[in-house]
Amino acid sequence: MRRIPIRRSTTHTQVDPDPEAEQRILDGLNDKQREAVTTTEGPVMIIAGPGSGKTRALTHRIAYLLAAGKAQPRDILALTFTNKAANEMQERVEALVGDDARGMWVGTFHSSFARLLRMEGDKIGYSEDFSIYDTADSKRLIRQQMKGRNLDTDVVKPRSVQRMISSAKNEMIDPQEYAELARGDQQEIVAEVYPAYERALKQANALDFDDLLLKPIELFEQHEDVLEKYQTRWQYVHIDEYQDTNQAQYVLARKLSARHKNLCVVGDDAQSIYAFRGADITNILNFDNDYPDATTIRLERNYRSTENIIRLADSIIEENDDQIEKSLWTDNAEGEYVALMEALSEKDEAQKIERRVRDLHLRDGMEYGDFAVLYRTNAQSRAIEEALRKENVPYRVIGGTSFYERKEIKDVLAYLKLLVNPNDTASLQRVINYPTRGIGDKTQARLQRYAQQHSLSLWQAVERVEEIETLGTRAERAVGKFRRLIARYASKAGTGSVPADELARDLIQDAGLLSELRKEHTRENLQRWENVQELISALAEYVESTEDATISTFLQEVALMTDQDEAEEGDDKVTLMTLHAAKGTEFPVVFVAGLEEGLFPLEQATQEKAELEEERRLFYVGVTRAEERLYLSWARSRYRYGEQTSNTRSRFLEEVDSDVVRTEAGGELEQQTDRFSAEEGPSADYDEMDPHYYRQDLSGDGGATGSSDGLRRIESTDGGGGRRVVYDEGHGEIVPGAQVEHQKFGRGKVQSLEGEGDKATAVVFFGSDVGNKKLKLKYANLRVIG
DNA sequence: CATTTATGCATTTTT
DNA sequence: TGCATAAATG
């Protein structure tokens, strides 16, 4: 059963001081934590390492405020990044002070400000039934805007336009400012799409994820009185995972805490892994400057992991330059060595993991639920899933395509959104001809054109089908039928005479969704049908258990749900997830898989120091999830993009404290410290190369290099374990003076050679136009022609 | 208009 | 590889 985990009770309870509870709350803490909990005046920053009980500090602090009579529930605002964190916080506070701690606002940034907009959004032109567009919806909208404007989708793809607009919003750059700043073809296109996209959202009464933070700022800036109301109300503002805040979140925190100045943030700069979505690590690094009278408390003692794991983690993070000084320590036992596993392929890696899991399960009696396998990209889960499935090891995958991203679920949600907010054009387009009802592309295009000409929303055009002359009778009747269907249910939804779940059930029945799913009796369809039923049950339960529940609030909450929030604990399964999803979790046994150059750290991230440091922090987050045992693994070859690639092990493995690591054979880890230190950052030539060079030579057709005369890399391992890469010399050698051909630069003459193995480079002179180029042999794929 | 077949494109990570 | 949109065909 899926729960929509929100508490939006409007009744405020009055809590009396409770000295006994206060004592109990403080008793469970060490001195440092107690200081963090009882420093309740003024800005406070709690810098807390992994496993130091920072969530504990935060929840105990809130409980303390209530028990000590310093605050009432309604005075408290607590913001997190995931629903799961918010739920845990609410539950733990209730466990400490009793379940009458209702009336607090505890929730994610996004859902809290969505709620605020529901209440106040009309002041800036949003009715409370607004739709929330996820990334896929935004992308779709952007694609349409681009097509409608004949913008070249080859120069920038809609998905990167979406990303660029999103980052602009994260930095609080509006369309006008963006247009002034735009440089280059891509940005100019974005500058044109951005305002159109904003208008389209507005017309659909829809907000994207970024808007949920930006619009409240707009609201506060345009309506002083609204800001004052909330500033006054929330005497205590708490923010978890502060290192993940972006510009907009920073501004909101500042504004809301400006009156009482009781802002308490908790975070760990070493665990900042969300820069790609606009998180600004300087928010936490500069907290002292932003709030000069702030108290800083450091929680450095780790309660989670063995000493060996902590030592490894420390040696990882030491490599980073930009960070707040802090040193982890623990009283825990030294524990086992960290194990390094080397595999031949991703299948082999998966099998090794699976064997290790079963071994520990059978011999040491560990539960399956004690294991987590972490990886860099979602695609890596497949091989591991297969290996576990083969041996009947129970597992669950967090993330990937979540429940709410499934097609059948999105279809049902789109119907519901349409009832509540008919102007939601994205939803309308999704369902207008699904299941097919004779409203094809042509008809839709005509509706669209009519809407545009009369500056109506698409739904308004549907409402006036009769007036559209370009439509034939058949199309007109089809559209009219659809209109009546939606209108009938919309009015039912409006009066609230029918329970929401019943309404939803009837609607999808009438719309033909269910019969569509039953048309073919495949396993997939059965699963889909069950998913739809589950969604409706979730709706029923939500309406049942939540005050002021409407279909609209359900839809808004659901839009902000992720699978991570669903991870029900308790059942005994191995957990598979990305390193990002792992933040905030802990497991007795952790595997970090795929420690290979190009995968972790990702190729793209190795060019910039800042990005490389973020990858390193991600590694740090991964290893610090482990309580007792930690396994690191890498595979010599791996399928990526449907092609076999061969890999070298991650540079991270060359950096870690090798004293605490043992290979499978039990030997010490031998490191090559100079492997990457020689050249930091990009070499210019490398940059200029086609990013898809490796695919070109593998496709083998039409290109300059057939597979037989291309330069092929052969790996050899010499006896001592050090790796060397030699180059096949079957078609001539790359030696100074040799004539070679390059895919892009054409013919040239080798001037000199440098380095060995993967690092081997050649300087090649390609004629006076191009000049000398320094190329990595590993990538350049030079063909020797004489 | 709907269905079938072809092409192409993606893999970072997520609220 | 495997999904999603585009072209081609009925």
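Below, chain A is the first sequence line, B the second, and so on; all start at residue 1. The model shown is predicted, which means the values in this text are computed figures rather than measured ones.
- For A/R277 against B/dT15, no side-chain N or O and base N or O form a donor-acceptor pair under 3.5 Å.
- In this structure, A/K583 forms no cation-pi arrangement with A/F81, as its terminal cationic atom is not both closer than 6.0 Å to the ring centre and no more than 45° off the ring axis.
- Contact annotation: A/T82 side-chain N/O to B/dT15 OP1/OP2 distance is not under 4.0 Å.
- Residue pairs meeting the salt bridge (charged side-chain N to carboxylate O under 4.0 Å, His left out) criterion with at least one partner in residues 377-388 of chain A, sequence neighbours excluded, do not occur; the list is empty.
- A/Q380 comes within 4.0 angstrom of nothing in the nucleic acid, heavy atoms only.
- For A/K347, the salt bridge (charged side-chain N to carboxylate O under 4.0 Å, His left out) criterion is met by no residue, not counting sequence neighbours.
- For residues 267-276 of chain A, every residue pair satisfying the salt bridge (charged side-chain N to carboxylate O under 4.0 Å, His left out) rule, not counting sequence neighbours, is listed here: A/D268-A/K326, A/D269-A/K326.
- Between the side chains of A/Y542 and A/T553, at least one donor N or O lies within less than 3.5 Å of an accepting N or O.
- In summary, A/K169 and A/D208 engage in a salt bridge, as defined by a charged side-chain N under 4.0 Å from a carboxylate O.
- Geometrically, A/R617 does not engage A/Y620 in a cation-pi contact, judged by NZ or CZ lying under 6.0 Å from the ring centre and within 45° of the ring axis.
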Strictly under 3.5 Å: I want the nitrogen or oxygen pairs between protein and nucleotides 6-10 of chain C, one per line.
from: C/dA6; atom 1: OP1; to: A/K147; atom 2: NZ; distance (Å): 3.1

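- In this structure, the CD atom of A/E557 is 13 Å from the C1' atom of B/dT15, given to the nearest Å.
- Note on A/R382: every side-chain N or O is 4.0 Å or more away from OP1 and OP2 of C/dT1.
- Minimum atom distance to the side chain of A/A475 is reached by B/dC1, of the listed B/dT13, B/dC1, B/dC9.
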TODO: Kindly determine whether A/N246 and A/N170 satisfy side-chain hydrogen bond (donor to acceptor under 3.5 Å, both in side chains), including the steps that lead there.
DONE: CA-CA 7 Å; A/N246 65 21; A/N170 280 323; 3.0 Å; yes
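- Remark: the A/T135 side chain and the A/S138 side chain contain no N/O donor-acceptor pair separated by less than 3.5 Å.
- Counted by atom type alone, A/Q429 and A/Q144 present one or more donor-acceptor pairs between their side chains at under 3.5 Å.
- Residue A/N378 is in sugar-phosphate contact alone, with no base atom involved, counting any heavy-atom pair closer than 4.0 Å across all strands shown.
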Task: Dot-bracket notation for DNA chain B, counting Watson-Crick and G-U pairs under 3.5 Å, with | for partners on another strand - done: ||||||||||.....
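- At whole-Å resolution of the value, CD in A/Q144 and C1' in C/dT5 are 14 Å apart.
- Listed nucleotides: B/dT11, B/dT12, B/dC1. Nearest to the side chain of A/K442: B/dC1.
- As a whole-Å value, the separation of A/Y404 OH from B/dT15 C1' is 15 Å.
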Please tabulate, one pair per line, each protein N/O and nucleotide N/O from nucleotides 2-8 of chain B that are separated by under 3.5 Å, including the distance.
from: B/dA2; atom 1: OP1; to: A/G438; atom 2: N; distance (Å): 3.3
from: B/dA2; atom 1: OP2; to: A/N433; atom 2: ND2; distance (Å): 3.4

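- The distance between atom CZ of A/R638 and atom P of C/dT1, rounded to the nearest whole Å, is 18 Å.
- B/dT12 and C/dT5 are spaced 23 Å apart, taking the C1' atom of each and rounding to whole Å.
- Using a 4.0 Å cut-off, no side-chain N or O of A/T135 falls inside it from OP1 or OP2 of B/dT15.
- Between A/D208 atom CG and B/dT14 atom P there is a gap of 18 Å when expressed in whole angstrom units.
- Side-chain proximity of A/K157 to B/dT12, B/dA10, B/dT13: nearest is B/dA10.
- Straight-line distance from the OH atom of A/Y620 to the P atom of B/dT13: 24 Å, rounded to whole Å.
- Residue whose closest nucleotide on DNA chain B sits further toward the 5' end, between A/F81 and A/R159: A/R159.
- The separation between A/E346 atom CD and C/dT1 atom C1' is 11 Å, rounded to whole Å.
- If you check every strand for non-hydrogen atoms under 4.0 Å, A/F276 touches a base.
- Under 3.5 Å, the side chains of A/N283 and A/T245 contain a donor-acceptor pair of N or O atoms.
- Counted by atom type alone, A/Y395 and A/R389 present one or more donor-acceptor pairs between their side chains at under 3.5 Å.
- Side chains of A/E476 and A/T473: a donor-acceptor N/O pair is absent below 3.5 angstrom, by distance only.
- Rounded to an integer number of Å, the gap from A/K583 NZ to B/dT14 P is 12 Å.
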